[in-house]
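Reading through the structure tokens given below for one structure.
All chains are named by letter (A, B, ...) in the order of the sequence lines, taking the proteins before the strands, and each is independently numbered beginning at 1.
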Amino acid sequence: MPNILEARDLAKYFGGVRALDGVTISVPERSIVGLIGPNGSGKTTLFNVVTGFYEPTRGEVLLKNNSGSMERIDGLNPNEVFLKGVVRTFQVPRLFTSLTVLENVLVTPPVQIGEKVLDAPFKSRWEKQERELAKKAVGLLKKFGMEKYVYSRITELSVAHIKLLETIRGLMTSAKLYLLDEPAAGVDYGVARELFNYIRGLREEGLTFLIVEHRLDVLMDYVDYVYVLHNGKLLSEGKPSEVVNDPKVIEAYIGG
Amino acid sequence: MPEFDLIGFLVQWLTVFGLYSILAITLNLEAGFAGLTNFGKVVFYGIGAYVGATLTTYLTLYLNNVDPFECPPYSIDGIVKLIELGGKSPSLSIGLLALSLLAAFIAAGSVGFLLTYPILRVGPAFVGFTLLSFGELMRIFLRHYEPVGGSKGLAAIPRPFGWVGDPRLSSFIFLLLVLGLVALTYIAMNKLTNSPMGRMLRAVRDDEIAALCLGKHVPGIKALTLFIGSGFSGMAGALMAYYFTSVNPDMFVPAVTFNVWAMVILGGMGNFTGSIIGVALFTLMDRLLAFITPALGVAVISPDYIRWMFVGLLIVVVLLFMPKGLLAERPLKTPALDEARKLLVEGGGGA
């Protein structure tokens, strides 16, 4: 499979701190790629650079565009990166706390007629689209067993549901690439496996995932390829079975 | 003791109520929905008032064959001429009114749009202070800008319905116009926000970064919100100039902004109906205090201060018992709710 995302020699320095120091990774289309590493190894910084929150100090980020060629996306704003087809979730979930669960999910779809100021006051122009989106949203929420919470506010949800909802919110668009930052943190084992099963199903439908996760027990059963970061550099990469047996990885995780 | 003129009181109160309602509703759009801490509300009100006043006075003179540059509207001669000429022709008066409202909307809206540029990269507190300072800058500029009368401002602005003859009737017609604009603002804002757009505004308010990550053009959304809010405030300003028939820089002090904030907070952030109730309470209290305080014989403290003490007390008491204001924010009404209900009832048994 051709790559959908490539990061080449990517570096991000904060003063003297080298959060990322020359990382090269590639994510093939229709794959689930894991990104693991101890705390502070640069996983979230990598996400932040790819999604436009930081400009890289060095290196470039390339994304496959609709015409099939690789296009540089470093230096774009986060909203532009999203519109290119990249969705991300956050380690500490960032939900819209005063909106209901349904409303949270409905914020995501990009081209909403009713978000345009000249169309918004005229319900007839966007009602059809709104109903279709609502159908899709409720369908997704049901799939993850959250139909009971459709009208709940975020403040009434458990941590696990909040995590789950952020991922569901990301699924409301027809993006090509999903960057999920610890989707299974704080989610119970059964729900975590369900979530990953669903992710695998979406992969079959043509989506691609790059996932940061500390729950290796769950992650390793689902990923096709794993990158291990340590102190801003790539420590190891390979198929899950290779990586977990790599002595360097074991040392970095367990310490030494 | 003078006889209490109930009709006169009501017309006066409702007109002020109307002007402030427009400001409060639009501030609620900006602050309650989009999370923009607009401490510069008075800027846009002031721009509208000055645009309306300047256009009306200069054009009244010019169209009556008086050269407004020879005999400017802020000079004694100009004021005498304005009193003599103003408000005689219905078509001219209405034409100037319409022109002023339109120009006030565009001018105030554009300034609001442009002012989002300096505030894009800063947090809510700095947005507030930037806009607050801009208001003071504008006031100081106006005090020293001769063509709009400097510190004396512009006076004898012809009333748009002066040609009716009976002053009570013309005030009443003017009141209807103000209330019409309030209704327009209220309906427009409700329609605008009970939509995916309102959802997007609230999303930006709740978490700008998350909204950005979901592809929302946050700077553009803020600029648009300030354009709309400021444009309507500009129209309220133009009406205010006609109502008082004069404008001067010291009408546009930061206290005006904070009054509007107090009304919005009291009524409930994110709820337009609440804002209207907040305005009604405040303006009514204000008018009543203006009547009552002299009768109480309190001469040591100026009625102005008593009013401010009351405002503070009222906010503290209401927020103690109702932290979200009199009317709390409600979930937006879009067809999604209805659609979800249908789906959940049909598939109630689970998949």
Just how far is it from atom [atom1] of [X] to atom [atom2] of [Y], taken to the nearest 0.5 Å?
{"X": "A:Leu106", "Y": "B:Met200", "atom1": "CG", "atom2": "CE", "answer": "13.5 Å"}
{"X": "A:Arg94", "Y": "B:Ile209", "atom1": "CZ", "atom2": "CD1", "answer": "4.0 Å"}
{"X": "B:Cys213", "Y": "A:Arg169", "atom1": "SG", "atom2": "CZ", "answer": "8.5 Å"}
{"X": "B:Ser195", "Y": "A:Lys116", "atom1": "OG", "atom2": "NZ", "answer": "12.0 Å"}
{"X": "A:Thr100", "Y": "B:Leu337", "atom1": "OG1", "atom2": "CG", "answer": "7.0 Å"}
{"X": "A:Thr51", "Y": "B:Leu212", "atom1": "OG1", "atom2": "CG", "answer": "9.5 Å"}

Which pair of non-hydrogen atoms, one from [X] and one from [Y], has the smallest distance, and what is that distance?
{"X": "A:Phe82", "Y": "B:Gly215", "result": "CD2-CA, 3.2 Å"}
{"X": "A:Lys142", "Y": "B:Leu343", "result": "NZ-O, 3.5 Å"}
{"X": "B:Ala336", "Y": "A:Glu130", "result": "CB-OE2, 3.4 Å"}
{"X": "A:Val107", "Y": "B:Arg199", "result": "CG2-CG, 3.8 Å"}
{"X": "B:Pro335", "Y": "A:Trp126", "result": "CD-CZ3, 3.4 Å"}

Identify which part of [X] has an atom lying under 4.5 Å from any heavy atom of chain B, answering side chain, backbone, both or neither.
{"X": "A:Leu99", "value": "both"}
{"X": "A:Pro93", "value": "neither"}
{"X": "A:Thr97", "value": "both"}
{"X": "A:Val117", "value": "both"}
{"X": "A:Lys123", "value": "side chain"}
{"X": "A:Phe90", "value": "side chain"}

Tell me whether [X] at atom [atom1] has more than 12 heavy atoms from other residues, nucleotides or ligands lying less than 6.0 Å away.
{"X": "B:Phe126", "atom1": "CZ", "answer": "no"}
{"X": "A:Glu55", "atom1": "CD", "answer": "no"}
{"X": "B:Phe113", "atom1": "CZ", "answer": "no"}
{"X": "B:Phe134", "atom1": "CZ", "answer": "no"}
{"X": "A:Lys12", "atom1": "NZ", "answer": "yes"}
{"X": "A:Tyr189", "atom1": "OH", "answer": "yes"}
{"X": "B:Phe129", "atom1": "CZ", "answer": "no"}
{"X": "A:Lys135", "atom1": "NZ", "answer": "no"}

Under 4.5 Å from any heavy atom of chain A - which part of [X]:
{"X": "B:Ala188", "answer": "neither"}
{"X": "B:Leu201", "answer": "neither"}
{"X": "B:Leu224", "answer": "side chain"}

Can you tell me which of [options] forms the most heavy-atom pairs within a distance under 4.5 Å of chain B?
{"options": "A:Glu132, A:Gln112, A:Arg88", "answer": "A:Gln112"}
{"options": "A:Thr108, A:Leu95, A:Val87", "answer": "A:Thr108"}
{"options": "A:Pro110, A:Ser98, A:Gly52, A:Gly145", "answer": "A:Ser98"}

I'd like to know if B:Asp338 pairs up with A:Arg131 as an ion pair, taking the criterion as any Lys NZ or Arg NE/NH1/NH2 lying under 4.0 Å from an Asp or Glu carboxylate oxygen.
yes
Any salt bridge between B:Arg202 and A:Glu103, counting N to O under 4.0 Å?
no
B:Glu339 vs A:Val138, test: side chain to side chain contact (heavy atoms under 4.5 Å, CB included). Steps then yes/no.
CA-CA 9 Å; B:Glu339 193 69 22; A:Val138 174; over 6 Å; no
Is any side-chain heavy atom of A:Phe122 closer than 4.5 Å to one of B:Lys191?
no
At a heavy-atom distance under 4.5 Å, which candidate from B:Ile187, B:Leu214, B:Val218 has the highest pair count against chain A?
B:Leu214
May I ask you to name which of B:Val204, B:Asn190, B:Asp207 has the most heavy-atom pairs under 4.5 Å with chain A?
B:Asp207
